[in-house]
Amino acid sequence: MFTFNELERWTTEPLTAASFEMNSSSQKYKDVGDQILDINNADLSGEFADAEMRVRRGLADDAADLSSAYQKAQADFDQLAGAVSALVLQVKQVSSVIHAAGGVVAADGKVSDVDPEYQVNLDGIMPSGASLLNDATDDPRKKLQLFVNLCLEKGKELLHAAGTVYDEVADIKKKAQETDWSIVKRGVKKPDSEWNAEEANDWWTALSPAEQKKVIKEHPDWIGNLDGVPSLVRHKANVLRLEAERNRIDKRIHEIEQEHAQEGRDRKETRENSPWQRQGPYRERDGGTGPGNYRDTDVELEALRKRKNELDNLAKKFPAPKGSAELDAFIDKKSADYSLIAFDSPKDGHLRAAVGIGDVDNAKHLHVHTPGMNSSVDGSIVQHDGRWGGGIRDMNTVLNATKAELKFAGRNHEQVAGVYNLNYDAPSTGETINPVRSVLGSTQASDGADKLAGLCDGLQATHAGDPHMTVTGHSYGSTVAGYALGQTKAPDEFIGFGSPGFEARGNSDLNMVPGHTSIGAAEGDVVAWSGWHKNLLAHGEPHNNPLYEHFSTEKATDADGTNYAGSEGHSEYMNNAQGGQMRTSVKNIASIIAGNGMYFPER
């Protein structure tokens, strides 16, 4: 395919030229979309005008989609160019070291004739994770061989990534010649369950404002969890769905309580009329917990009351409008600081939700985070007292740090938003021995990955332009995220911390360009060191894989004297230390989300 020496001669010129072409194409389709919407149809009226506007909205949306797709391709080519430049520099640097050590590199990449006394230190060559190779062996030849092999692997990953991007460009050009008018003209009918996010978005944008309001009001279940529908619209639908679910639960609880009350009255009447005095005086049932008092509905009632409590707490943050006037005002809202992007209340499983923070569909930088084991809507998203839960507070900590990064870089105009994704059945400690729900298995991760991949595709489809999307995952959430990345090409960055693994061998399995997968593992984090869900063919656990970038979680001091706290154990990656001191991990995560790469690399 290529030799190590050929890597030195790789150039970024084709990639930068392609980036320029993508930018031009993106602008062209943006202009086309604007022109389509500016057409004056004042002379048309009635059904003909409605039909013409539906088609025109569809065409304008197609143009906007193509513009965003070319923006995405431009960003991908820029990432590739940066990764190629970095690899070529590393190849030249290690070649110099090999030659200085008296060695040579054969065409097949084999290193030989290295002075056994030569001191080799890769700290100045590897941007992060140099200790993974430095500590692997004291033999200078073997150490240099490991790095040459790593360069060859990264070269293969870059060729794979480039092939994927060029295939995506070919698909964009194909889409430019195709429009499914059956979707555009579908109108107010239930969406097809087989649609992908782009098709769902085509249907939604083709609807008139009046039709969209009708769907939100009368059919919120159609769109609440439909990837490809704008986040704010999903929020409105899910707030209504949440209220409907609360009403359903309340109704069922009342029915069971009435049934139990009637049973009690019937038993009391039977006992009072019984000639058998030795039964003793009548006593009320002890609530279904005593011997002989068990009913099938007792378990259902207990589960319903627990779910009611969870739903009531969630509703404190997402209250439903009261009355038609409030409903109309709610549907007309143009923004929400927090949005209920996904909501599911299954009978068998935990309550699930995804919460947007900020302007999800318009922010330049988008952070999509999936938490791990023991995360729950009732606790991680909202607390019993109505305050935001720990997961949302941690998200705000990282988002605020990202805003500070952008401000420091003079990019205040670039917004950042986030999505806290708990729209999967996160395992709990008590379910460890359950083969289906256990954190030791992959069932929940696989199911969650399907939804996360759809969410990312949906966010890409509804976004105004191409967002810089960073997917992060903590603990089992990183396993979910890693699985999901194999199914979507929307994200630009992946950050895993406290990760037990995600069964990927390297960047290619994650649809990531080399240099854009970052791993953090704190001192004493036994989950990160377990490698339970690692790929057995990979370079060990994610935190030991040199194909990835590795950021520091230890305490650090900035060049200007600012001190950052370190992280210990499994749960100190996204929160600040006591007194509000920022952690090194938060600084690194925020820097990556802002598009600056890690700030404090692990050496």
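Glu503 and Tyr483 share a side-chain donor-acceptor pair at under 3.5 Å.
Contact check for Asp425 versus Asp447: no side-chain heavy atoms found under the 4.5 Å cut-off. Put simply, the side chain of His367 reaches to within 4.5 Å of the side chain of Val398, judged on heavy atoms. Proximity of Ile216 to Phe330: side-chain heavy atoms (C-beta onward) are nowhere separated by under 4.5 Å. Between Lys364 and Gln415, every side-chain heavy-atom pair lies at or beyond the 4.5 Å cut-off. The shortest distance between side-chain heavy atoms of Ile589 and Phe497 falls below 4.5 Å.
The residue from Glu310, Arg352, Arg241, Glu245 that alone fulfils the side-chain hydrogen bond (donor to acceptor under 3.5 Å, both in side chains) condition with Ser345 is Glu245. Screening Lys236, Lys333, Lys217 for a salt bridge (charged side-chain N to carboxylate O under 4.0 Å, His left out) involving Asp328 leaves a single residue, Lys217.
Note: His369 and Tyr420 have tilted aromatic rings, judged against thresholds of 30 and 60 degrees for the angle between ring planes. Note: His235 and Phe318 have perpendicular aromatic rings, judged against thresholds of 30 and 60 degrees for the angle between ring planes.
Here the CG atom belonging to Leu314 is positioned 11.0 Å from the CZ atom belonging to Arg307, to the nearest 0.5 angstrom. The CD atom of Glu198 lies 10.0 Å from the OG atom of Ser68; values are rounded to the nearest 0.5 Å. Here Leu240 contributes atom CG and Glu218 contributes atom CD; the two are 11.5 Å apart, rounded to the nearest 0.5 Å. With values rounded to the nearest 0.5 angstrom, Thr517 atom OG1 is found 10.0 Å from Ile592 atom CD1.
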